[in-house]
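To keep things clear, I will list the structure first and then write my remarks on it.
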Amino acid sequence: MAHREVVRADLEQVFRSAYPRVVAVAARVLGSRDEAEDVAQEVFLSFARTTVTANEAPGWLSVAAAHTALNLLRSGRRRASREERASQQEVQADIADAVVTNDERRRVRAALARLPRRQAVALVLKHSGLSYAEVAAALDLSPGSVGTTVRRAEAALREELNRHAASG
């Protein structure tokens, strides 16, 4: 008789409430809704195997989405054609603007992938719309230190962008 894993009783409720945020966090990192949905699927499959409570789920899922998306970004598994396809859906008045915008997005994502993991995750979560309290809970920080962590991450991101602009 084959062993079957028991499905969490709270999985559907957690999925319905947290899915939009999980996709938003991943999309913030990856710039692609399709890739973000793939990340969300992976994150919820991981969540289904955990003992994380429903109350802790939103923070756990947001952090997992950021980590998984950053891993994808860092691993080089992303395909330029997906990004090009996504950018073609945006209507741009000037092709030069489209090229500059796409290049800038690639530069920011590459710099984000080079940041220390905790800084990158804090930055992604805050810029994905989570409150300081939610970021603090998700990363096990004091609420008062979230602002400092995010500011340091933003400074590190600017430094990465400047360093690679100067060398590139």
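Side chains included, hydrogens not; waters and symmetry mates left out as well; all remaining heavy atoms used. Being a predicted model, the structure only gives us computed values, none of them experimental. Residue numbers start at 1 and run along the sequence shown.
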Verify side chain to side chain donor-acceptor pair (under 3.5 Å) between H67 and R117, making sure each step is shown before the conclusion.
CA-CA 8 Å; H67 280 288; R117 176 70 57 145; 3.1 Å; yes

Nearest-0.5 Å distance that lies between atom CG in L141 and atom OH in Y132
12.0 Å

In Å and rounded to the nearest 0.5 Å, what is the CG to CG distance from L11 to L45?
8.5 Å

Take T148 and R151, measure what side chain to side chain contact (heavy atoms under 4.5 Å, CB included) needs, and give me the verdict at the end.
CA-CA 5 Å; T148 302; R151 283 191 298 281; 3.4 Å; yes

Going by the side chain to side chain contact (heavy atoms under 4.5 Å, CB included) test, name the single residue among R107, R106, R105 that passes it with R109.
R105

Check the pair S62 / V22 against side chain to side chain contact (heavy atoms under 4.5 Å, CB included), numbers first and verdict last.
CA-CA 6 Å; S62 294; V22 170; 5.5 Å; no

Looking at [X] and [Y], would you say the former's side chain and the latter's main chain have a donor-acceptor pair under 3.5 Å?
X	Y	result
R118	L139	yes
T68	A65	no
Q41	D38	no
R28	H127	yes

Give the minimum heavy-atom separation between [X] and [Y], together with the two atoms involved.
X	Y	answer
A120	L70	CB-CD1, 3.7 Å
L61	A18	CD1-CB, 3.6 Å
A66	V25	N-CG1, 3.7 Å
A27	A36	N-CB, 3.4 Å
K126	S131	NZ-CA, 4.3 Å
A40	Y19	CB-CE1, 3.7 Å

Could you pull out all residues at least two apart from A113 that satisfy side chain to side chain contact (heavy atoms under 4.5 Å, CB included)?
L73, R74

Passes salt bridge (charged side-chain N to carboxylate O under 4.0 Å, His left out), E134 versus R21? Steps please.
CA-CA 12 Å; E134 290 170 320; R21 177 180 280 174; 3.0 Å; yes

Start with the C-alpha gap between F47 and E42, add the side-chain angles, then the distance that decides, and say whether side chain to side chain contact (heavy atoms under 4.5 Å, CB included) holds.
CA-CA 9 Å; F47 172 73; E42 191 174 325; over 6 Å; no

Any salt bridge (Lys or Arg N to Asp or Glu O under 4.0 Å) involving residues 56-67? Give me the pairs, sequence neighbours left out, ordered by first then second residue.
none

For L157 and Q119, what are the C-alpha separation, side-chain angles and deciding distance, and is it a side chain to side chain contact (heavy atoms under 4.5 Å, CB included)?
CA-CA 9 Å; L157 183 64; Q119 285 185 346; over 6 Å; no

Side chain to side chain donor-acceptor pair (under 3.5 Å): pairs with one or both residues in residues 135-147, sequence neighbours excluded
S142-S145

E160/R163 ion pair, N-O < 4.0 Å:
yes

Is it possible for you to check whether R8 lies under 6.0 Å from the centre of the six-membered ring of F15, through NZ or CZ, and within 45° of that ring's axis?
no

